[in-house]
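Here the structure is laid out as structure tokens; the discussion comes afterwards.
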Protein chains: 2
Amino acid sequence: MDIREIARRAKVSTATVSRAINHVPTVDPQLAKRVWKVVDELGYYPNTQARALVSGRSRIFGLIVSEITNPFFPEIVQTFENLAVENNYEILLTSTVHDPKRMESSVRRMIERRVDGVAILTFGMEDTLLDHLRFRKVPLVFVDVGPNAPGIVNIRINYLNGIRQAVQHLAALRHTRIAFISGPSNLKSAIARRAAFKTSMTEIGLPADLIIEGNHQMDGGMKALLEFNGLSNPPTAVLCSNDMTAIGVMREAYDQDIKIPNDLSVIGFDDIRLAEFTIPPLTTVQMSQMELAKIAFQALLNEVQRESPSLERSEHELTTTLVLRRSTGLAPPGRHTAKPRKGTAGSRIP
Amino acid sequence: MDIREIARRAKVSTATVSRAINHVPTVDPQLAKRVWKVVDELGYYPNTQARALVSGRSRIFGLIVSEITNPFFPEIVQTFENLAVENNYEILLTSTVHDPKRMESSVRRMIERRVDGVAILTFGMEDTLLDHLRFRKVPLVFVDVGPNAPGIVNIRINYLNGIRQAVQHLAALRHTRIAFISGPSNLKSAIARRAAFKTSMTEIGLPADLIIEGNHQMDGGMKALLEFNGLSNPPTAVLCSNDMTAIGVMREAYDQDIKIPNDLSVIGFDDIRLAEFTIPPLTTVQMSQMELAKIAFQALLNEVQRESPSLERSEHELTTTLVLRRSTGLAPPGRHTAKPRKGTAGSRIP
DNA sequence: GGGTGAAGAGAAAACGTTTTCCACCCCGGT
DNA sequence: ACCGGGGTGGAAAACGTTTTCTCTTCACCC
């Protein structure tokens, strides 16, 4: 059942059918109605491949994430998909699992399917792959790691804002030994978070010397806490590069019978949905996944709809902010920390 | 840059280029090499739409899940994708969010993109939508809810096995008042789980009267626990229709200062990755997401590769099994429960 | 040495649309 | 009455492949 079948039955040409279906205004309403009637009767669906072939636009956006399995991403994928269906787009999702091979195959698949644009939500990309895409003039959206080139839009994350809030919150609770569990050091976003931690600490005259590299997964958090506790003077608060890590440290704390927040304060990063449901509920730095997805999609759409390639590189910013829950409290007394003057150690924050 | 460009530069016909690229054995190795050289030099990628148009096969599988945001699914999506790239397939992911409208648009999108098959991992599907797909002879894979028709493969989940183990585990720990928090009652898989709970209880002579309908989300679990505790004689153990629900009840228990497992035992269902990292680690019924994804994908592939439509409807079974962690313990003494004879109430299971 | 067959490569048709170009009709203006 | 022009719809080209069909070449056998 193709467009010709419809044309035959509606006694018009295929051109008219095409026009009717695409709501071209010049077609006679009478005819259009006749066409739609047949279309509905037969349950005709246009063949997207043929459409794409001739129009040159596939109406597919690529979405490259580093790990769909990390709860940070499904939320993004969901809103991205919502926006896609609203705009009659399809999304081609690939998850690189931090594997350069996979990254390459992702890009290849995107190009083969002739995507109209790609949002890259992962740690950068090898230049040679990038060139493949740029060569084909595929609009690209990066978060943070995009190169400084025309036609590439970058979404800058303001990590410092939220992380500074977190550090100052901890300092206000009399913590002085504040540790940081970073993400893998080949991940640019992880590096940026760590840097934000360092400057936040330095700003208020605290040493940023308690840093261990995790892996943005739960076991990384568990191992890191173990290591911190082996120290002669362990931290009383730990800030994590993402929420998964924080969940790991809370889990290890439970095993070690360290009470949170009484004995240890922990703060996460991302504010995944689950953070509200951990035990105790996790204080964390929010980086809105919905917002991020919306900005990325809209940027892609803009890029596609403008016919002339954009000259000015557009920049968007997404800020981060601390959300208080119940995993942080006053620093416990003793252990080289400044003595609290009033209030119960470990009491819940108001 | 199209196939003709390659043909011209390699001084062969487009037919030969096509054959070379597709590794048709009859092409002279000499020529093939010449073609590949040009292909690599120019970075040529065949146009998938054109390919699909003429060959009639899109090399796309549809994957319909109910909620990508539920941690049960990303795992599935990931292995599905892995298998897809291995087999040179693409996947078209849609998340219905339990909305019939979305379901319809999902199906429409699948058909428009001419998918070679669809795996439906969600609560059934309206018959009329189903007919659209069947009419077009799209191979379909369902889990549990598929109609009994030729050409449709069903993956049956053996819920009873795991749930019976869970119930008997609880009974062995002297629990007699065992509650169940079900999923939404319009969800067939939720109904099946509840039924399995009932028969498991009846089998061992326990009443299955403590059942509340949740929503397979965390807040549903929280509300349900609250409701149970309003009872004059609350349950000492609760079995949940999925892990999210269990996480909700553990969270609410934390708020109410009910200790798990000392005061209350809880068991989940699914064994999502996170279950290992809850506090305490969650005893749950495992339903392997990887296994499920593998079976589904393989079934689709089989269906596509056989040219004759399958006459026998194929059935696959996936079983479930209890995995013990630390959210269950001996029933607390008193409160109308059978008195434990030895061992400390609430002691951890070995 | 001529006929037969196989192997390899090219020409061209086909896939299902969109879009360009052209023909037609009808209207109003001169 | 004739011409110009705007609006409408059809014929056909185009998109980039795969695949069928045909042609050439060459080896082999009688």
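These numbers come from the heavy atoms of this one structure, side chains and all, not from hydrogens, waters or symmetry mates. A note on names: the letters A, B, ... follow the listed sequences, proteins ahead of strands, and every chain is numbered from 1.
For the ring pair (Phe, Tyr, Trp, His ring centres under 6.0 Å) test, residues two or more places apart in sequence or in another chain that qualify with A/Tyr89 are A/Phe61. A/Lys11 meets the salt bridge (Lys or Arg N to Asp or Glu O under 4.0 Å) test with no other residue; sequence neighbours excluded. Shown here are the side chain to side chain contact (heavy atoms under 4.5 Å, CB included) partners of A/Arg9, two or more places apart in sequence or in another chain: A/Glu5, A/Val38, A/Leu42. Residues satisfying the ring pair (Phe, Tyr, Trp, His ring centres under 6.0 Å) test with B/Phe73, not counting sequence neighbours, are none. For B/Glu75, the side chain to side chain contact (heavy atoms under 4.5 Å, CB included) partners at least two apart in sequence or on another chain are A/Thr69, B/Arg273, B/Gln289. Scanning for salt bridge (Lys or Arg N to Asp or Glu O under 4.0 Å) contacts around A/Glu86 gives an empty result, with sequence neighbours left out. The salt bridge (Lys or Arg N to Asp or Glu O under 4.0 Å) test applied to B/Asp28 returns no partner, not counting sequence neighbours. For A/Arg108, the side chain to side chain contact (heavy atoms under 4.5 Å, CB included) partners two or more places apart in sequence, or in a different chain, are A/Glu112, B/Tyr45.
An end-to-end axis angle of 60° holds for the helix from C/dG1-D/dC30 to C/dT30-D/dA1, taken from five base pairs per end and rounded to 10°.
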Report task. Take nucleotides 4-11 of chain D nucleotide by nucleotide from the 5' end and write B, S or -, depending on whether a protein heavy atom sits under 4.0 Å from the base, only from the sugar-phosphate, or from neither. Result -> ----SBBB
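Although no hydrogens or angles enter the test, the distance criterion places no donor-acceptor pair under 3.5 Å between the side chain of A/Arg114 and the main chain of A/Arg57.
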Check residues 127-138 of chain B and write down every donor-acceptor pair under 3.5 Å in which the side-chain atom is one partner and the other belongs to a residue at least two apart or another chain.
| unit_1 | atom_1 | unit_2 | atom_2 | d |
| --- | --- | --- | --- | --- |
| B/Arg136 | NH1 | B/His132 | O | 3.2 |
| B/Arg136 | NH2 | A/Gly43 | O | 2.3 |

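In summary, contact between chain B and DNA chain C, defined as any nucleotide atom under 4.0 Å from a heavy atom of the protein, begins and ends at C/dG8 to C/dG16 in the 5' to 3' direction.
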